[in-house]
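Every value quoted in this text rests on a predicted model; they were computed, and no experiment measured them. Quick note on labels: first sequence line is chain A, next is B, and so on, each numbered from 1.
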2 protein chains.
Amino acid sequence: MADRIQRRADALSKELIVAAAIEILDAGGERALTFRALAARLATGSGAIYWHVADKNDLLAAATDEVIGRVMAGAISGAEPREAIRAIALGVFDAIDAHPWVGAQLHREPWRSAMLQICESIGGRLQALGVPERGLFDAASALVNYILGVASQNAANARLVPLETDRSDFLATVAARWAQLDPAEYPFVRQVAAQLREHDDREQFLAGIDLIMAGIATLR
Amino acid sequence: MADRIQRRADALSKELIVAAAIEILDAGGERALTFRALAARLATGSGAIYWHVADKNDLLAAATDEVIGRVMAGAISGAEPREAIRAIALGVFDAIDAHPWVGAQLHREPWRSAMLQICESIGGRLQALGVPERGLFDAASALVNYILGVASQNAANARLVPLETDRSDFLATVAARWAQLDPAEYPFVRQVAAQLREHDDREQFLAGIDLIMAGIATLR
DNA sequence: ACCTGAACACCGTTCAAGT
DNA sequence: ACCTGAACACCGTTCAAGT
């Protein structure tokens, strides 16, 4: 048995598995996370992982909860409600920017705790802001859905673009493609192509939040 | 060769393949669409499909374009801009309601023509509405991202829920789960649990559109 | 030019067997 | 209780061979 693969000495745990999964996902994207790769990194057999984790869905959900949980834990500041909502939104945005696979996961298991946490933080602040009872559910839903939309868009971009690509190079490429569209069919898209090249995703995201907040303010 | 499988007599085409793929996706969801199932339904070999379609991604993108293209073709009415935007949004919503897999696809290939078509229609109407130049790109982006968020959410729900499940049963189940959350941790979500059970997805979607439009109106 | 279908290189997941 | 790793039942995709 001299050529046996080195196995780990300490015990496995769900936390260890999730941490390793996050590392693999961050480094190589969703495609890189396989039970074989995970087992190799953890120096164990692939079957061992199933003792701690129900299946791949469970693993992805746990990894997502871990990332979003960290964001939410950091956002408990007692700031003014409007600022708190912006901070929560930005926190989610930045987390998905750093871990694009989270964006793809957030809408797969929509009622897992990650989702609920975002919903709760935002809903609570809207309440504190004095949004009338009748509009509260719709307002929270609009904000959460908007955040989700941006999240999935970002996740899609990250998946489309090779990891090494420069962001502004990428935007320039897309902008150039937009600018070449048929003027009769796509006048608007052609027109904003130039703005696309120079725009800042993060700022545009916040602008959308502000737009929705402005709409919510008209409810009173 | 008497026991040979019956093969099709007429020629294959990308349109035929896409149409068959849409049928499979509608009937059995994303998991049901395999090249083997598609080949069987088309009475051909799995390799034949690759003559007309680059790969599975290409197939899903073409199917998505087909569905969204139909919506957009139907929405060229010369209505008042604000009504036109609501109509486009509702058209996309209903299309995704009928074909939930489209929601999951829309954010995977974000710059395919489906996306561009939505962007163009909405952006053009915002322009017609007199939204100032500086806010136009952000406004269109907010609306499209919101629509995408709802789309992916709906797709996720459809994937989570077995095809036969009654919608109100499902909502009641989720509402019951929400109502049982820790009151100290989730006061807001617990509170809206009752509204969740009775709310109409489609109406709430439109309420969000109206909220964003109200925010956009404050720009002038 | 277009189609066939076996073969290849993967997956997630299971499970008898070990410690 | 926890771990091993071969085995199973799938996938998407390729490709030599046919028409």
>> Less than 4.0 angstrom from a charged side-chain N to a carboxylate O is my criterion; do A:Asp200 and A:Arg202 meet it?
In response: no
> Taking OP1 and OP2 of D:dG5, is either one under 4.0 Å from a side-chain nitrogen or oxygen of A:Arg7?
Replying inline: yes
> What is the distance, rounded to the nearest whole Å, between atom CG of B:Leu16 and atom P of C:dC2?
Replying inline: 14 Å
> Starting at CG of B:Leu38 and ending at P of C:dG5, how long is that distance when rounded to a whole Å?
Replying inline: 16 Å
>> If I take atom CZ in residue A:Phe35 and atom P in nucleotide D:dC3, what distance separates them, rounded to the nearest angstrom?
In response: 15 Å
>> Taking the side chain as everything from C-beta on, heavy atoms only, tell me whether B:Ile96 gets closer than 4.5 Å to B:Leu106.
In response: yes
> Paired with D:dG12: which nucleotide, if any, by Watson-Crick or G-U wobble criteria at under 3.5 Å for both distances?
Replying inline: C:dC8
>> Could you check whether A:Phe205 and A:Phe93 have their ring centres less than 6.0 Å apart?
In response: yes
>> Return whichever of A:Arg36 or A:Ala48 has its heavy-atom-nearest nucleotide of DNA chain C closer to the 5' end.
In response: A:Arg36
> Of all the choices, C:dT13, C:dC11, D:dT4, which nucleotide is nearest to the side chain of A:Ser46 once you look at every atom?
Replying inline: C:dT13
> Nearest-Å distance, CH2 (B:Trp51) to C1' (D:dC15)?
Replying inline: 12 Å
>> Using whole Å, what does the distance between atom P of nucleotide D:dT4 and atom CD1 of A:Ile49 come to?
In response: 10 Å
> Can you tell me the Watson-Crick or wobble partner of C:dG18, both distances under 3.5 angstrom?
Replying inline: D:dC2
> Salt bridge or not for B:Lys14 and B:Asp58, using N-O below 4.0 Å?
Replying inline: yes
>> From the set D:dT4, C:dT14, D:dC3, return the single nucleotide nearest to any side-chain atom of A:Ala11.
In response: D:dC3
> Please give, in whole Å, the distance from D:dG12 P to B:Arg31 CZ?
Replying inline: 11 Å
> Do B:Glu185 and A:Gln117 have side-chain atoms, one donor and one acceptor, less than 3.5 Å apart?
Replying inline: no
> Using a cut-off of 4.0 Å on non-hydrogen atoms, how would the nucleic acid contact of A:Leu33 be classed: base, sugar-phosphate, or nothing?
Replying inline: sugar-phosphate
>> Rounding to an integer number of Å, can you tell me how far A:Tyr50 OH sits from D:dA1 P?
In response: 22 Å
> CG of B:Leu59 versus P of D:dT13: gap in Å, rounded?
Replying inline: 10 Å
